[in-house]
Amino acid sequence: MPEPAPPKPLVLPPLLYGGFLAAGIILHLIVPWRAFGRWGIGLAAGALLVAAGAALLVWAVCTFQPVGGIVEHGPYAHTRNPMYLAFALVYFGVALAVNSLWPVALLPVVLGTLHYGVIRIEESYLEARFGDAYAAYRTRVRRWL
């Protein structure tokens, strides 16, 4: 049986998150929509989320391996998409740090596009490539948390 073709996502996830985050910040510069009255609250909360997301991203990248097998340890034992979760934490943290609700309002569009334009395509590929082993992994580990 021939190996399935590598997945072709609709958009690269870092560009998806980065593009919508930039759009939200630009909207905020045009029409401010603040999350907090005081700057320090959002900055502190945002910094914590950015740090947590960055740490998760580093852990996920260090644990990741090219598609030669299913990675089931490290963060991949808790979420099938630790890198996408890390991007979401950083995205939300930056939104709070710059005290803007625009990026938060755009986040459902980001996550919907990620789900249908990236994750479902990747999951179809992994199921075709690894069959029952990937199906079993999917039943043990949640997509997000």
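Bear in mind the structure is a predicted one, so any value in this text is a computation, not a measurement.
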Please report, to 0.1 Å, the donor-acceptor pairs under 3.5 Å made by any side chain of residues 107-121, with sequence neighbours excluded.
{"from": "Thr113", "atom 1": "OG1", "to": "Val109", "atom 2": "O", "distance (Å)": "2.8"}

Please tabulate, one pair per line, all N/O donor-acceptor pairs under 3.5 Å involving side-chain atoms of residues 16-32, not counting sequence neighbours.
{"from": "Tyr17", "atom 1": "OH", "to": "Tyr84", "atom 2": "O", "distance (Å)": "3.0"}
{"from": "His28", "atom 1": "ND1", "to": "Trp33", "atom 2": "N", "distance (Å)": "3.1"}
{"from": "His28", "atom 1": "ND1", "to": "Ser100", "atom 2": "OG", "distance (Å)": "3.1"}
{"from": "His28", "atom 1": "NE2", "to": "Arg34", "atom 2": "NH1", "distance (Å)": "3.1"}

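Cluster annotation: Val58 is not connected to Leu48 through the hydrophobic network of ILVMFWY side chains, with a link wherever side-chain heavy atoms come within less than 4.5 Å. Phe64 and Leu126 fall within the same hydrophobic cluster, where Ile, Leu, Val, Met, Phe, Trp and Tyr residues are linked whenever their side-chain heavy atoms come under 4.5 Å apart, directly or through other members.
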TODO: Go through Val61 and Met83 one step at a time and tell me if the side-chain contact (heavy atoms from CB on, under 4.5 Å) criterion holds.
DONE: CA-CA 7 Å; Val61 168; Met83 290 185 213; 4.2 Å; yes

- [ ] Step by step, work out the side-chain contact (heavy atoms from CB on, under 4.5 Å) result for Leu96 and Leu49.
- [x] CA-CA 9 Å; Leu96 293 179; Leu49 285 174; 3.7 Å; yes

- [ ] Any chance you could lay out the side-chain contact (heavy atoms from CB on, under 4.5 Å) test for Leu89 and Val50, step after step, and finish with the verdict?
- [x] CA-CA 6 Å; Leu89 289 172; Val50 169; over 6 Å; no

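Under a 3.5 Å cut-off, the side chain of Thr139 and the backbone N or O of Ala136 do form a donor-acceptor pair.
Not counting sequence neighbours, the partners of Arg143 by the side-chain hydrogen bond (donor to acceptor under 3.5 Å, both in side chains) test are Glu123. Remark: Ser124 engages no residue in a side chain to side chain contact (heavy atoms under 4.5 Å, CB included) (not counting sequence neighbours). For Val141, the side chain to side chain contact (heavy atoms under 4.5 Å, CB included) partners two or more places apart in sequence, or in a different chain, are Arg80, Tyr137.
Within a 6.0 Å radius of CZ in Phe92, no more than 12 heavy atoms belonging to other residues, nucleotides or ligands are found.
Of all heavy-atom pairs spanning Asn99 and Ala35, the tightest one is OD1-N, 3.1 Å. Smallest separation of non-hydrogen atoms from Pro14 and Phe87: CG-CZ, 3.8 Å. When all heavy atoms of Pro103 and Ala95 are compared, the pair lying nearest together is CB-CB, 3.7 Å. In plain terms, the two heavy atoms of Leu56 and Pro75 that are nearest each other are CD1-CB, 3.9 Å. When all heavy atoms of Glu72 and Ala77 are compared, the pair lying nearest together is O-CB, 3.4 Å.
A donor-acceptor contact closer than 3.5 angstrom links the side chains of Arg129 and Tyr125.
For the salt bridge (charged side-chain N to carboxylate O under 4.0 Å, His left out) condition, no pair includes a residue of residues 11-26, sequence neighbours left out.
With rounding to the nearest 0.5 Å, the separation of NE2 in His78 from CG in Leu85 is 11.5 Å.
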